[in-house]
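Structure, as structure tokens:
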Amino acid sequence: MSGEINGTAIVLNNSTGEIVGQGDFTHTYGGAPIDISNKSYGDFITYLDGELATKQHVFAGEFTYNDDVQFRKVRADALSGTQDTYTLTFTGSGTTPESYTGLFVPTGLSDSIPMGAKVTTSISFNSSGAVAYTLASDV
């Protein structure tokens, strides 16, 4: 398919640099429609157009465990609940990148320590407040 984005080609930065050891990542955007139903709509639910409540971006992924300063900072922030500015950039595979930047708190730290294989750390980054989205054409 022409123009597809290779989902493994991402770069994750915090306010002090690029976080190394990246593996598979997911990005999820959630928001709830705002119910404005009243008796004039009868039995039908009606939502406010163009608005969502409880909006949040969550990106989650797996890192190969390492001793890089940025990786260690993320682990420490997850253990303490410290927020930082993060940018997740989809660099694609020969495509123009797009990115999400905002204040995030790393959560859900989980280490996988298999016998005889690489150690990995899984972690989620939950947004706190507005997240700026940069369209691929604006990068």
Side-chain angles (χ1 to χ4, degrees):
M1 174 191 293
S2 177
E4 77 264 6
I5 294 177
N6 178 353
T8 61
I10 60 107
V11 176
L12 180 62
N13 291 306
N14 60 19
S15 63
T16 56
E18 184 177 324
I19 302 164
V20 302
Q22 296 169 41
D24 295 329
F25 261 77
T26 60
H27 171 248
T28 305
Y29 176 69
I34 300 168
D35 187 341
I36 59 168
S37 303
N38 61 47
K39 290 182 181 191
S40 67
Y41 297 116
D43 292 336
F44 296 98
I45 294 174
T46 304
Y47 293 116
L48 183 61
D49 186 32
E51 288 291 330
L52 295 172
T54 64
K55 295 185 261 188
Q56 185 177 46
H57 290 264
V58 176
F59 40 91
E62 183 180 272
F63 294 90
T64 300
Y65 193 92
N66 64 78
D67 63 357
D68 183 76
V69 172
Q70 301 310 326
F71 177 75
R72 293 311 213 178
K73 180 184 182 317
V74 169
R75 289 183 63 84
D77 288 352
L79 293 171
S80 66
T82 302
Q83 298 180 19
D84 197 355
T85 299
Y86 287 89
T87 299
L88 176 67
T89 303
F90 298 91
T91 61
S93 177
T95 63
T96 305
E98 60 183 272
S99 65
Y100 298 86
T101 301
L103 193 60
F104 287 81
V105 61
T107 64
L109 179 70
S110 175
D111 295 319
S112 176
I113 310 166
M115 179 65 90
K118 71 179 178 179
V119 175
T120 59
T121 296
S122 296
I123 195 163
S124 294
F125 299 84
N126 298 0
S127 67
S128 176
V131 173
Y133 171 62
T134 304
L135 295 170
S137 60
D138 295 337
V139 174

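These values consider heavy atoms only, across backbone and side chains, with no hydrogens, waters or symmetry-generated copies. Position 1 is the first residue of the sequence; numbering continues from there.
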Please check if the number of heavy atoms outside Asp67 that lie under 6.0 Å from its CG is greater than 12.
no
Close side-chain approach of Thr101 to Thr134, heavy-atom, < 4.5 Å
no
Hey, any chance Leu52 and Leu48 share a hydrophobic cluster, counting ILVMFWY side chains that come within less than 4.5 Å of each other, even indirectly?
no
Compare all side-chain heavy atoms of Gln70 with those of Val20 and state whether any distance is below 4.5 angstrom.
no
How close do Val105 and Gly81 get, heavy atom to heavy atom, and via which atoms?
CG2-O, 3.5 Å
Nearest 0.5 Å, what's the CG-CG distance between Leu103 and Asp84?
7.5 Å
Indicate yes or no: at least one non-hydrogen side-chain atom of His27 is less than 4.5 angstrom from one of His57.
yes
Where at least one partner belongs to residues 39-66, residue pairs that pass salt bridge (Lys or Arg N to Asp or Glu O under 4.0 Å), sequence neighbours excluded:
none
For the CG atom of Leu109 and the CG atom of Asp77, what is their distance to the nearest 0.5 Å?
11.0 Å
Drop me the distance from Asp68's CG to Ile19's CD1, to the nearest 0.5 angstrom.
9.0 Å
Hydrophobic cluster membership, Phe59 vs Phe71, 4.5 Å side-chain cutoff:
yes
Ser37 and Phe44 have their tightest heavy-atom pair at OG-O, 3.7 Å
Please set out all donor-acceptor pairs under 3.5 angstrom arising from side-chain atoms of residues 117-125, sequence neighbours excluded.
residue: Thr121; atom: OG1; partner: Arg75; partner atom: NH1; Å: 3.1
residue: Thr121; atom: OG1; partner: Asp111; partner atom: OD1; Å: 2.6

For the residue pair Phe104 and Tyr86, categorise the inter-ring angle as parallel (less than 30°), tilted (30 to 60°) or perpendicular (more than 60°).
perpendicular
Tell me if a side-chain donor or acceptor on Asn66 pairs with a main-chain N or O of Thr64 at a distance below 3.5 Å.
yes
Just checking Tyr100 against Tyr29, ring centres under 6.0 Å apart?
no
Closest non-hydrogen atom pair, Phe25 against Leu12
CZ-CD2, 3.8 Å
From OH (Tyr47) to CD1 (Ile34), nearest 0.5 Å:
11.0 Å
